[in-house]
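What follows is a set of notes on a single structure, which appears directly below.
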Amino acid sequence: QVQLVESGGGLVQPGGSLRLSCAASGSIFTVYAMGWYRQAPGKQRELVAAATSGGSTNYVDSVKGRFTISRDNAKNTVYLQMNSLKPEDTAVYYCNAVINNGKYEGIYWGQGTQVTVSS
C-alpha cells in the first residue's frame with residue numbers, strides 16, 4: 001500500500017502565503033514525478049505544478065512567478081510554496097505521484113487539502 005498525506009492548507013488573505021506538503025509512504029521502490037493539482041467548485045481539476053525526480057519542473061501559467069514546487073527525494077516529499085495568493089487560487093489542492101511499488105507503476109493521489117484565499 002502506498003499513501004500520500006497532505007498538510008498545510010487553510011485560510012489566508014489575498015497576498016498571503018501558504019506552504020503545502022505531501023509525503024509518500026508505504027511500499028515504495030521508486031518515486032517518479034510528483035505534483036500538485038487543484039479543483040475549484042464547478043471547475044475541472046487542473047495541474048498546478050509538477051516536478052520530476054531529476055529536478056525538472058513545470059507550472060500552469062496562472063501561478064508562474066508566485067508558486068514554487070520542490071522535492072525532498074530522501075523523504076519522498078513534495079512541497080508547494082504559494083506566495084502572493086489570489087482569491088482565484090481558492091480550491092482543493094491534491095498531491096499526485098507516480099510510484100513504482102516494486103511490482104508495478106501506479107498513479108497515487110492524496111486526500112486533498114482546502115486552500116481558501118479571502119479577506
ask   = Checking side-chain contact (heavy atoms from CB on, under 4.5 Å) for the pair L18/V117: CA distance, chi angles, key distance, verdict?
value = CA-CA 10 Å; L18 282 175; V117 185; over 6 Å; no
Around atom [atom1] of [X], are there more than 12 heavy atoms of other residues, nucleotides or ligands at under 6.0 Å?
X    : atom1 : answer
E88  : CD    : yes
Q111 : CD    : yes
Y32  : OH    : yes

Heavy-atom closest contact ([X] atom, [Y] atom, distance):
X    : Y   : value
R71  : A51 : NH1-O, 3.0 Å
V115 : M82 : CG2-CE, 3.9 Å
G35  : I69 : CA-CD1, 4.0 Å
Q81  : N83 : NE2-OD1, 2.9 Å
Y93  : W36 : CB-CE3, 4.4 Å
V48  : L80 : CG1-CD2, 4.4 Å

Find the distance between [atom1] ([X]) and [atom2] ([Y]) and round it off to the nearest 0.5 Å.
X   : Y    : atom1 : atom2 : result
I28 : Y108 : CD1   : OH    : 9.0 Å
R38 : R45  : CZ    : CZ    : 13.0 Å
M34 : T57  : CE    : OG1   : 14.5 Å
L20 : F67  : CG    : CZ    : 8.5 Å
L47 : Y37  : CG    : OH    : 4.5 Å

Treating [X] as the side-chain partner and [Y] as the backbone partner, does any N or O pair qualify as donor plus acceptor under 3.5 Å?
X   : Y   : result
E6  : C22 : no
D61 : K64 : no
Y59 : R66 : no

inquiry  = Set out, in order, the CA-CA distance, both residues' side-chain angles and the distance that settles side-chain contact (heavy atoms from CB on, under 4.5 Å) for T68 and Y79, then state yes or no.
reply    = CA-CA 8 Å; T68 302; Y79 306 95; over 6 Å; no
request  = Could you check if a side-chain atom of V78 sits within less than 4.5 angstrom of a side-chain atom of L4, using non-hydrogen atoms only?
outcome  = no
task = Decide side-chain contact (heavy atoms from CB on, under 4.5 Å) for Q114 and T90; before the verdict, give the C-alpha distance in whole Å, the side-chain angles of both, and the deciding distance to 0.1 Å.
result = CA-CA 8 Å; Q114 178 70 47; T90 295; 4.0 Å; yes
inquiry  = Apply side-chain contact (heavy atoms from CB on, under 4.5 Å) to residues N96 and I107 and explain how you reach the verdict.
reply    = CA-CA 7 Å; N96 165 280; I107 298 173; 3.3 Å; yes
message = In this structure, would V92 and L85 fall into the same cluster of hydrophobic residues linked by side-chain contacts under 4.5 Å?
response = no
ask   = Parallel under 30°, tilted from 30 to 60°, perpendicular over 60°: which one fits the rings of Y94 and W109?
value = perpendicular
Electrostatic pair D89:K86 at N-O distance under 4.0 angstrom = no
remark   = The residue among S118, S84, S119 that forms side chain to side chain contact (heavy atoms under 4.5 Å, CB included) with P14 is S119
